[in-house]
Structures are given as C-alpha cells and as structure tokens.
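For reference, the structure discussed in these notes is given below.
As a basis for the values below, the full set of heavy atoms in this structure was taken, side chains included, without hydrogen atoms, waters or symmetry mates.
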Amino acid sequence: MSIIRNQPLGVISKALSVPLLLDGSPMYLKPERLGWTVHVATPEAAKQFFLKTDIYPKFDTLATQRGTLLHEFVGEKNILFARDKNEWKKHRKLVNPAFHKSKPLKLFGTLGHKVFKVVDEANEKPVDVTLLMARYTLDVIGQAGFGFDFDAILHEDSKWVNVYDEINVAIFDPFFFFLPFLDTHFRWLFRDRKRKSELVGQFHAMLLGVIEKKRQVLQEKYNAKIQDNHHDVVDDAEKDLLTLMLESDYSEGGSILTNDEIKSNLNVFFIAGHDTTANTLAFAIHALARDPVIQQKAREEAIRILGDEPYDVLPTYEDIRQLDYLNQVIKETLRFYSPVVSGLPRETAEDTHLVGVHLPKGTPILVDIYNLHHNPQVWNHPETFDPSRFAAGGEADQQASAANSKNGGAMAWSPFYNGQRMCIGMQFSLEEQRVMLSTLCKYRFFLFFFLFF
Ligand code: HEM
C-alpha cells in the first residue's frame, strides 16, 4: 500500500523492510530490477561486503543499460561503473590526485555569496531550498569540475542549465529507467526522447571542447616548463578537477585516459556529485528548520567562528575545522536522510558465506545504506534526529571503538560506502557542505507549508 500511495522512502522502509531486521537478521531479500537482491543492513555484514571487493564485484549495470540515455550520457569506461578491477584501478589512479589536493574553499564560499543574493532578493518570501541547493551544487561541479560557469544560481534559465536539467530529468524518468527496452528499441516512438538524446550530444560536444582546450594549454605550459624551468603559479586548491586529472596524466608520461574516458569520468562527477550533495544540504536545512534548538546551536557556533560582520565571509580551512557541532549536524543528516539509499548492485563472484549465510555465485547484493542507518538493532532511537550521536565519545564513536571493530562498528555509518570503492568525492562534498551551511546559518530557517484545499 505504501508504494501504491507513493509514500516517502522512510515510510515504505519502516513498513516493509525494517521489521525484517528486528530479530537481528543481517540481511533480507527484495525484488529489484536484477531479480531477488540481497540487502545487507548490519555493520558486521557490511564490513565483510565492503572489504571483499573481489568476492563482491560490481554488477555490470551498464550491460542492462546499453543504448539507454543513461548509458549515452555517462559512456562506457569510467571509475563508477567499472566492473573489471584493472579498469577501475586505471581510472581511480588518474582521478585520485584531483581529489586529494586541498579543496576549493574559496570557490565554495564565493558561490555561496550568490546564494545569499537570491535569498536577500526573495525579501523574506519563501525560498525553494531544494532547487537553490541544486543550483549551487551545479555551479560548484561546473567550475570545480572543469572550469565551466553554468551560472545556475543567478540565471536558472541559462542555456546550459536547461540542457543539463532536461538531460538529468530524462535519464531518471522512472518510465524509461525501469523499462529500458523502451529506450533501446522503441525510442523512435517517443519524439521528445530523441530530442533528449540530441541534447546529450550537445552537452558532450561542449565537454570535449573544454577538454581539448585544456589539453592544449597544458601542453604549451609543459613545453614552456621544459624550456625555461618555469614553475606553476596557480594554487592547486583553485584548479579544477579536469586540470588536475590532465596534469597527473602528464606526470604519468602522456595520455593514459582518452578524451572519451575523461569525458565519461566528468559525467560521472555530475551523476554522483551534484544531486547527492544538493539533497544533503537541503535535508540539513530542513532538519535545522524543524528543530529551532539545534538550529540556534549551529548558528551560535558559526557566529563564534566566522563572526557576525554584515559583509559576507569566506571561511578558511582553519575555520571549518572548528565547526564541531555543524559537522555533527551534517553527519546526522547523512545518517538520517541517506541521500544515496544504496550503492550500485554487486554480484557474488563465487559461492560464498556472508556472516554465516550461504550465497550462491551470481547472487545480486548491495548494502542498504538507508536501513543500515535506521536499523534499531544498530542505532539507539534511529528515528530521532540527534546530531549529538556524532559528538566526541558519543554513540558513533562507541560504535567505532576497538571493542566493536570486529563487529564492523565503524561501518555503521556508511553514507559514502566504505572500503576500496568508497566515494572518492567524500571530502570534497563535506567541505562544500561545511562552507555552505556555516555561512548560510546567518539566516533563520522556517518551514513553509502549502495548504491545498
Ligand atoms: C553527499 C554527497 C555524496 C554521497 C552521499 C555519495 C555517495 C557515494 C556512494 C554510496 C558511492 C559508492 C557507489 C557504489 O560503489 O556503488 C559513491 C561513489 C562515488 N562517488 Fe560519491 N557521493 C557523494 C558526493 C560525491 C561527489 C561530490 C563526487 C564528485 C565530485 C562523487 C564522486 C563519486 C565517484 C567518482 C564514485 C565512484 C568511486 C569508485 O568506484 O571508485 N561523489 N558515492
């Protein structure tokens, strides 16, 4: 009934799957697109799953999507969908340095100032926070990803924002997502779908243009360096991910990833990094609006660290390291709302046992992040939003303590997954959230209800 009534995931989960965990079961079966799929929902089972990537390789998700708009958009070879270990390692190695440099805090802060402009211009009228955060993270991923300005916060009707939005909505259209054969075999019946495919082509052409241009600039810089030993003057933190990827490509001695592979990885950053962070930010603001006490505590901390001058500030590393309470709010938001409810499905590469349960070769399996985070056998009062779980020495620390480590306690909180294939954008996203939320705290958040009669 919950599904038919189109109720939120939390309600469906509470009604259907959480009860299956009450007797301490580590996993349950659920029908998915790939057939009956094992959903893992305890830290101990999750730990074994995360650490044994050879036994639980990614399912070839793209094989079921070849010819769909999703496949057209992300392409074949990239870090997220790679199933083959060597293929994945190649991408991760090239993408890694870009994510391990310091993060573009200045960019996060400057784009935040544009957000304030929108809020100020609303003049105390309600603001659609979900939309505004989606605009913010699109501008972040455009500029931090490949130095491209979508200008989405201030001009939501600009050409590339519309193109990207249309593609994004079309890719996850449930009709085509759950019936991919309509896309692969019957697209000719849907004229609008064909137009979406043309938009993907336009978007890709734009990306390839940017990649090619950056390659040329780097090649020239690289040649100049060889001639006059000239040193780079641009701060790594303010370089975009594409430049950092191409630079590490050069330091590896030439083009290891083709333009198509680089483009595919950039598209993955959109799929993996845009809505995920936007939704977390929107959920955090929602949680603060629902609880004035938590909101006030977060605001007092932000003012203590950033000051309450009338002008807009740009938080430094030193500042955001001190945002202890806000960090707890962010972590609790990621637990409570779990913007990624589960990772991409894996399948067992051989007959195996997971916490004593026999799983035959070829079984589809994933960690159900939402239910792991809402499992009453794991968390005290999981349906209460309580940031103090993440205070030093609090519930999360106790879970992760040495005494609980063999039971996978440290994996009880896994919004970014864990192990080798953990989210590479985790720190990037966390810094982005810390900058946005700490500076946005100068406003007071209220819930606004639409009443329909
Ligand atoms: C709140 C924000 C985010 C959440 C909750 C999140 C969550 C996740 C999860 C659960 C995975 C594992 C997926 C799987 O293996 O099936 C993942 C992987 C990944 N994420 Fe994120 N993510 C976030 C933000 C980002 C950002 C900002 C970026 C990039 C700019 C990013 C890039 C990636 C990539 C490239 C992978 C694949 C890593 C690999 O397989 O080696 N994510 N993310």
Side-chain angles (χ1 to χ4, degrees), residues 102-144 149-154 156 235 237-238 273-274 276-334 339 387 390 425-447:
S102 29
K103 309 294 173 288
L105 294 195
K106 223 196 280 173
L107 174 70
F108 297 156
T110 317
L111 291 175
H113 296 172
K114 291 190 179 181
V115 170
F116 306 156
K117 190 163 186 277
V118 174
V119 177
D120 291 341
E121 282 173 2
N123 214 359
E124 309 218 342
K125 286 202 201 76
V127 172
D128 182 339
V129 165
T130 310
L131 186 70
L132 188 56
M133 290 302 110
R135 298 279 168 247
Y136 171 67
T137 57
L138 183 61
D139 275 350
V140 165
I141 207 75
Q143 293 207 28
D149 188 5
F150 280 96
D151 198 12
I153 304 169
L154 295 182
E156 56 185 53
D235 180 4
E238 300 307 323
H274 166 225
T276 46
T277 306
N279 291 339
T280 312
L281 283 166
F283 280 134
I285 295 166
H286 176 83
L288 292 173
R290 276 178 57 153
D291 194 322
V293 176
I294 296 178
Q295 184 181 154
Q296 186 55 20
K297 213 169 154 187
R299 177 171 306 108
E300 278 167 12
E301 180 186 71
I303 290 175
R304 182 164 47 76
I305 292 162
L306 303 178
D308 60 354
E309 303 298 335
Y311 53 81
D312 294 332
V313 289
L314 288 174
T316 62
Y317 261 106
E318 202 45 52
D319 294 333
I320 59 169
R321 257 210 309 273
Q322 296 176 56
L323 293 165
D324 190 34
Y325 188 67
L326 192 75
N327 216 22
Q328 293 170 34
V329 171
I330 291 172
K331 285 187 166 173
E332 178 65 344
T333 302
L334 286 160
F390 293 94
M426 178 174 90
Q427 283 309 332
F428 182 96
S429 172
L430 289 174
E431 308 292 25
E432 185 181 350
Q433 293 174 48
R434 287 172 189 140
V435 170
M436 180 77 259
L437 287 174
S438 62
T439 49
L440 200 62
C441 263
K442 66 178 183 172
Y443 298 100
R444 286 182 196 280
F445 311 126
F446 300 96
L447 292 180

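- Salt-bridge formation is not detected for the pair Lys297/Glu301: no Lys NZ or Arg NE/NH1/NH2 atom is positioned less than 4.0 Å from an Asp or Glu carboxylate oxygen.
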Check against side chain to side chain contact (heavy atoms under 4.5 Å, CB included), Val329 and Leu437: CA-CA 10 Å; Val329 171; Leu437 287 174; 5.6 Å; no
Report the C-alpha distance between Lys103 and Tyr317 in whole Å, list the side-chain angles of each, state the deciding distance to 0.1 Å, and finish with yes or no for side chain to side chain contact (heavy atoms under 4.5 Å, CB included). CA-CA 9 Å; Lys103 309 294 173 288; Tyr317 261 106; 3.5 Å; yes
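- Every residue meeting the side chain to side chain contact (heavy atoms under 4.5 Å, CB included) condition with Leu131, not counting sequence neighbours, appears here in chain and number order: Asp128, Arg135, Glu156.
- Proximity of the aromatic rings of Phe116 and His113 is defined here by a centroid distance below 6.0 angstrom, and this criterion is met.
- Closest non-hydrogen pair, Asn327 versus Arg434, comes out as OD1-NE, 2.9 Å.
- Side-chain atoms of Arg321 never come within 3.5 Å of backbone atoms of Thr316 as a donor-acceptor pair (strictly under, hydrogens ignored).
- Taking every heavy atom of both residues into account, Gln295 and Leu288 meet most closely at NE2-O, 3.0 Å.
- By the 4.5 Å heavy-atom criterion applied to side chains, Ser438 and Leu306 are counted as neighbours.
- Checked against salt bridge (charged side-chain N to carboxylate O under 4.0 Å, His left out), Glu432 has no partners two or more places apart in sequence or in another chain.
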Test side chain to side chain contact (heavy atoms under 4.5 Å, CB included) applied to Asp312 and Thr439, step by step: CA-CA 8 Å; Asp312 294 332; Thr439 49; over 6 Å; no
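- Between the CG atom in Asp139 and the CZ atom in Phe108 there is a gap of 12.5 Å [rounded to 0.5 Å].
- A 4.5 Å side-chain heavy-atom check between Lys117 and Asp120 finds every atom pair outside the cut-off.
- Put simply, CG on Leu107 and CG on Leu111 are 4.5 Å apart, with the number rounded to the nearest 0.5 Å.
- In this structure, Glu300 and Gln296 have side chains that are in contact, with non-hydrogen atoms separated by less than 4.5 Å.
- Considering only heavy atoms from C-beta on, Thr277 stays 4.5 Å or farther from Met133 through its side chain.
- Across Ala122 and Val127, no two heavy atoms sit closer than the pair CB-CG2, 3.7 Å.
- Between Lys114 and Asp151 the shortest side-chain heavy-atom distance falls below 4.5 Å.
- From Leu447, atom CG reaches atom NE2 of His286 across 5.5 Å, with rounding to the nearest 0.5 Å.
- At least one side-chain heavy atom of Leu440 sits under 4.5 Å from a side-chain heavy atom of Phe445.
- One distance of note links CE of Met436 with CD of Glu431; it measures 15.0 Å at 0.5 Å rounding.
- Residues Lys442 and Asp308 have side chains not in contact (no heavy-atom distance under 4.5 Å, counting atoms from C-beta outward).
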What do the steps show when you test Phe428 against Val140 for side chain to side chain contact (heavy atoms under 4.5 Å, CB included), and what is the final call? CA-CA 10 Å; Phe428 182 96; Val140 165; 3.9 Å; yes
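- The shortest heavy-atom contact between Leu326 and Ala298 is CD1-CB, 4.1 Å.
- Tyr325 is listed as a side-chain neighbour of Ile294, based on a closest heavy-atom distance under 4.5 Å.
- The shortest heavy-atom contact between Ala302 and Leu323 is CA-CD2, 4.4 Å.
- Across every non-hydrogen atom of Ile320 and Val435, the tightest pair is CG2-CG2, 4.2 Å.
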